[in-house]
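Scroll down for the structure; my scribbles are underneath it.
Residue numbers start from 1 in every chain, and the chains themselves are labelled A, B, ... in the order their sequence lines are given, proteins ahead of strands. Because the structure is predicted, anything quoted here is derived from the model rather than measured.
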Amino acid sequence: MSKLQAIRGTRDILPEESTDWQTVEETAREILQQAAYREIRTPIFEQTELFERGIGEATDVVGKEMYTFVDRGDRSITLRPEGTAGVVRSYIEHNLYAAGGVQRLWYLGPMFRYERPQAGRQRQFHQIGVEVLGTDDPRADAEVIAIATDIFKTLGLKNLHLAINSVGRGDDRETYRQALVEYFTPYKDDLDKDSQDRLTRNPLRILDSKDPKTGEIAKNAPSILDYLSDDSKRHFDRVCALLSQLGIAYELTPTLVRGLDYYTHTAFEIQSDDLGSQATVCGGGRYDGLVEQLGGKPTAAVGWAIGLERLIYLLQQLGKTSDRALDFYLVSRGDRAESTAVLLAQQLRRTGFSVEMDLSGSAFGKQFKRADRSGAAACLVLGDAEAEAGTVNLKWLKTGEQETWTRSDLLAKADELREKLR
RNA sequence: GCGGGCGUAGCCAAGAGGUUAAGGCAGUGGAUUGUGGUUCCACCAUUCGUGGGUUCGAGUCCCAUCGUCCGCCCCA
């Protein structure tokens with residue numbers, strides 16, 4: 001098998017689908033811009049160390065999912081598995097904290113994780129994300145969540161729910177972790193195999209095990225909410241109160257833990273019922289320790305990332321896909337007409353119309369067939385007779401009605417024409 | 001990394017050891033040398049992901065390999 005094809009876990013976004021991507025990107029951009037977020041573009045690869053230090057060496061993302069290679073200068077390079085680390089690196093490197101109190105940033109681009117592809121999971125996938133750096137105000141947590149729900153709402157998505165939790169400060173979590181180990185250890189033999197491993201590796205993960213027996217045991221496990229420090233609790237209560245005030249429904253989910261080490265306090269996920277096994281479309285939370293951990297000044301921050309493949313999949317499930325918009329399909333035949341068509345197409349485009357010109361030179365019948373399939377609102381017909389007379393026939397593809405226009409009128413009355421094309 | 005399903009044309013798909021590999025959509029040409037969405041006709045897989053094996057005979061059975069899909073771990 002020597003056929004050239006896109007490598008495992010990557011895929012092409014073909015023109016038919018790219019319009020959906022554009023819709024999503026434009027919607028998100030507009031909402032983010034209204035909320036005074038500014039775009040940041042960071043490199044797709046970084047020093048491996050950035051992710052090891054930022055995400056945590058013990059996490060699966062760092063431990064087994066990174067695309068890491070040594071470049072020609074013997075540097076260890078990694079294709080970014082997520083966006084936050086790079087943004088924080090850039091924030092520190094360029095002293096963005098010096099530019100003023102709070103930085104509201106967003107980014108969009110491909111991420112890479114070496115995993116087995118399955119529904120809603122690829123090796124190259126895309127995220128749009130936001131980061132608010134430089135404040136621990138719970139209003140920032142609420143703002144960020146509100147923006148995410150706004151994007152989904154504007155796109156018309158349904159069946160989404162917001163799960164929220166607080167994982168506390170680092171030391172809260174450590175106490176809680178010990179409490180969990182204490183609780184689960186006596187049941188060790190009754191836990192599923194994965195959870196037995198998790199007991200040492202990541203006990204918090206046992207809580208959302210899919211194994212029914214483990215689930216039974218986990219029901220009576222201590223809740224993190226009982227281990228939060230006072231200020232952690234206060235922060236979390238405030239976030240929840242703000243969400244209620246904004247009319248954003250949420251589910252308190254004490255079992256929600258997120259995979260990356262840097263999260264503190266608020267952690268949340270927006271999940272869909274229609275997504276199969278990978279239900280999370282948006283995941284995020286607060287990471288007050290990360291900036292310092294990466295060598296910056298202590299800086300509080302919150303953010304999230306939306307998985308665009310998953311989001312677009314949901315959009316397509318709902319049939320909310322967009323067609324391309326084309327005003328004119330330009331048909332021509334005969335030497336003189338064909339060269340006139342080139343000029344006319346250019347003039348119409350400069351006037352603001354979208355025009356596709358038929359290049360086949362085949363019979364009018366064939367050209368009309370293609371006009372019909374092009375999805376254009378109208379067809380412009382140019383034969384040598386029209387070219388000579390300075391006219392063009394405009395045929396509405398829905399009704400079949402045809403009008404004769406002079407070429408100069410077509411351009412002069414562009415606004416009037418545009419109305420009719422809608 | 002582990003477990004399972006599936007690979008026949010650009011797409012969907014029949015075919016279950018026996019001479020020439022259905023059909024549909026899309027495409028191309030023609031009926032119609034200047035008017036589409038309907039119709040009709042023709043063309044469109046020397047070969048069934050790839051390699052090996054069993055057999056007189058393999059798309060069909062076996063092995064391997066690659067790809068793909070679904071699930072687990074984990075995550076967007």
Side-chain angles (χ1 to χ4, degrees), chain A residues 1-11 14 16 55 58-66 80-84 108-129 148 192-195 197-198 201-202 205 208-211 256-260 268-272 275-284 303-314 329 331-334 337 358 360-376 378-387 393-402:
Chain A
M1 230 281 291
S2 65
K3 248 201 309 189
L4 252 26
Q5 55 182 286
I7 65 183
R8 167 169 255 198
T10 70
R11 59 183 214 107
L14 299 176
E16 199 185 352
I55 300 171
T59 61
D60 274 30
V61 170
V62 171
K64 59 177 206 189
E65 294 170 2
M66 292 207 300
R80 62 181 185 197
E82 54 95 59
T84 302
L108 164 64
M111 306 294 163
F112 305 84
R113 290 183 199 171
Y114 193 91
E115 299 183 88
R116 273 302 268 283
Q118 67 186 74
R121 169 180 300 163
Q122 293 171 246
R123 291 185 171 179
Q124 176 177 340
F125 60 102
H126 296 77
Q127 290 185 334
I128 186 165
D192 61 286
K193 201 174 170 309
D194 284 326
S195 292
D197 293 343
R198 286 191 273 232
R201 217 178 64 239
N202 191 351
R205 278 270 154 217
D208 60 359
S209 167
K210 283 166 192 165
D211 183 84
L256 174 71
V257 285
R258 302 191 36 74
L260 313 183
F268 63 90
E269 287 185 4
I270 296 173
Q271 299 163 335
S272 167
L275 217 42
S277 177
Q278 267 66 44
T280 303
V281 249
C282 174
W304 50 246
I306 290 175
L308 290 180
E309 278 80 1
R310 292 182 188 175
L311 171 53
I312 283 159
Y313 174 80
L314 289 176
Y329 190 93
V331 153
S332 61
R333 187 152 162 82
D358 192 292
S360 68
S362 53
F364 273 117
K366 297 290 174 198
Q367 296 197 48
F368 269 95
K369 205 163 273 190
R370 279 189 282 272
D372 194 53
R373 285 171 195 166
S374 74
C379 185
L380 292 173
V381 192
L382 199 51
D384 280 339
E386 290 82 6
N393 292 331
L394 188 161
K395 181 166 183 174
W396 297 99
L397 287 167
K398 269 180 213 100
T399 62
E401 282 172 59
Q402 185 163 300

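To the nearest whole angstrom, the two C1' atoms, one in B:U54 and one in B:C63, are 11 Å apart. Annotation: B:C56 and B:A42 have their P atoms spaced 42 Å apart (nearest Å). Between the C1' atoms of B:G51 and B:G7, the separation comes to 15 Å (whole Å). B:U46 and B:A31 have their P atoms separated by 29 Å, with the value rounded to a whole Å. If you take atom C1' in B:A58 and the same atom in B:A76, they sit 46 Å apart, rounded to whole Å. Rounded to the nearest Å, the gap between the P atom of B:G29 and that of B:C48 is 30 Å. Comparing B:A26 with B:U39, their P atoms sit 10 Å apart, to the nearest whole Å. The P atoms of B:C72 and B:A64 are separated by 26 Å, rounded to the nearest whole Å.
Note: A:R198 CZ to A:K193 NZ = 11.5 Å, rounded to the nearest 0.5 Å. Separating the NZ atom in A:K64 from the OG1 atom in A:T59 is a distance of 10.5 Å, to the nearest 0.5 Å.
The side chain of A:R201 contributes an N or O atom lying less than 4.0 Å from OP1 or OP2 of B:C74. Between B:G1 and A:R116, no contact under 4.0 Å exists linking OP1 or OP2 to a side-chain N or O. Here A:Q118 does not reach the OP1 or OP2 of B:C70: none of its side-chain N or O atoms lies under 4.0 Å away.
Minimum interatomic distance between A:F364 and A:G383 (heavy atoms only, all atoms of both residues): CZ-CA, 4.2 Å. A pairwise comparison of heavy atoms in A:A378 and A:W396 identifies CB-CE3, 4.0 Å as the closest pair.
Among the protein residues, A:G120 comes within range of the nucleic acid bases, having at least one heavy atom under 4.0 Å from a base atom. Looking at heavy-atom distances under 4.0 Å, A:C379 makes no contact with the nucleic acid at all. Residue contacts for A:A119: at a heavy-atom cut-off of 4.0 Å it reaches the sugar-phosphate backbone alone, with no base atom in range. Within 4.0 Å (heavy atoms only), A:E115 reaches at least one base atom of the nucleic acid. A:Q122 comes within 4.0 angstrom of a base, heavy atoms only. Nucleic acid contact class of A:R11 (heavy atoms, under 4.0 Å, all strands): none.
The CE-P distance, from A:M66 to B:C74, rounds to 18 Å in whole Å. Here B:C2 presents its P atom at 13 Å from NZ of A:K193, a figure rounded to the nearest Å. Between A:E16 atom CD and B:A26 atom C1' the separation is 12 Å, expressed in whole Å. Rounded to an integer number of Å, the gap from A:R8 CZ to B:C70 P is 12 Å. To the nearest angstrom, C1' of B:G29 lies 16 Å from CD of A:Q367. The distance from atom CG of A:L256 to atom P of B:C74 is 13 Å, rounded to the nearest whole Å. The CH2 atom of A:W304 sits 13 Å away from the P atom of B:A76 (whole-angstrom rounding).
As the counterpart of B:A76, no nucleotide is assigned, since no Watson-Crick or G-U wobble pattern has both distances under 3.5 Å. Using N1 to N3 plus N6-O4 or O6-N4 for Watson-Crick, or N1-O2 and O6-N3 for G-U wobble, each under 3.5 Å, B:U19 pairs with nothing. Checking B:G10 for Watson-Crick or G-U wobble geometry (two distances, each under 3.5 Å) identifies B:C25 as its partner. If you check B:U39 for Watson-Crick or wobble pairing at under 3.5 angstrom, you find it paired to B:A31. When both pairing distances are held under 3.5 Å, B:C48 makes no Watson-Crick or G-U pair with any nucleotide shown. As the counterpart of B:U68, B:G5 is assigned, both hydrogen-bonding distances of the Watson-Crick or G-U wobble pattern falling under 3.5 Å.
Geometrically, A:K395 engages A:F368 in a cation-pi contact, judged by NZ or CZ lying under 6.0 Å from the ring centre and within 45° of the ring axis.
For B:C74, the base has a donor-acceptor partner in the side chain of A:R121 [N/O atoms by modelled type, under 3.5 angstrom]. With hydrogens and angles left out, the side chain of A:K64 and the base of B:C74 share no donor-acceptor pair within 3.5 Å.
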Would you please test A:E115 and A:R121 for salt bridge (Lys or Arg N to Asp or Glu O under 4.0 Å) and show each step?
CA-CA 8 Å; A:E115 299 183 88; A:R121 169 180 300 163; 3.6 Å; yes
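Remark: the backbone N or O of A:S362 is paired with a side-chain donor or acceptor of A:Q367 at under 3.5 angstrom. Counting only distance, with no hydrogens or angles, the side chain of A:R113 and the backbone of A:M66 share no donor-acceptor pair below 3.5 Å.
Of the two residues contacting RNA chain B, namely A:V257 and A:Y114, the nearest-nucleotide position lying further toward the 5' end is that of A:Y114.
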Sugar-phosphate or base contact per nucleotide [nucleotides 33-44 of chain B; S, B, -; heavy atom under 4.0 Å]
SBBBB-------
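Environment of OH in A:Y114: sparse, with no more than 12 heavy atoms of neighbouring residues, nucleotides or ligands closer than 6.0 Å.
If you check the side chains of A:T280 and A:E269, you find a donor sitting under 3.5 Å from an acceptor.
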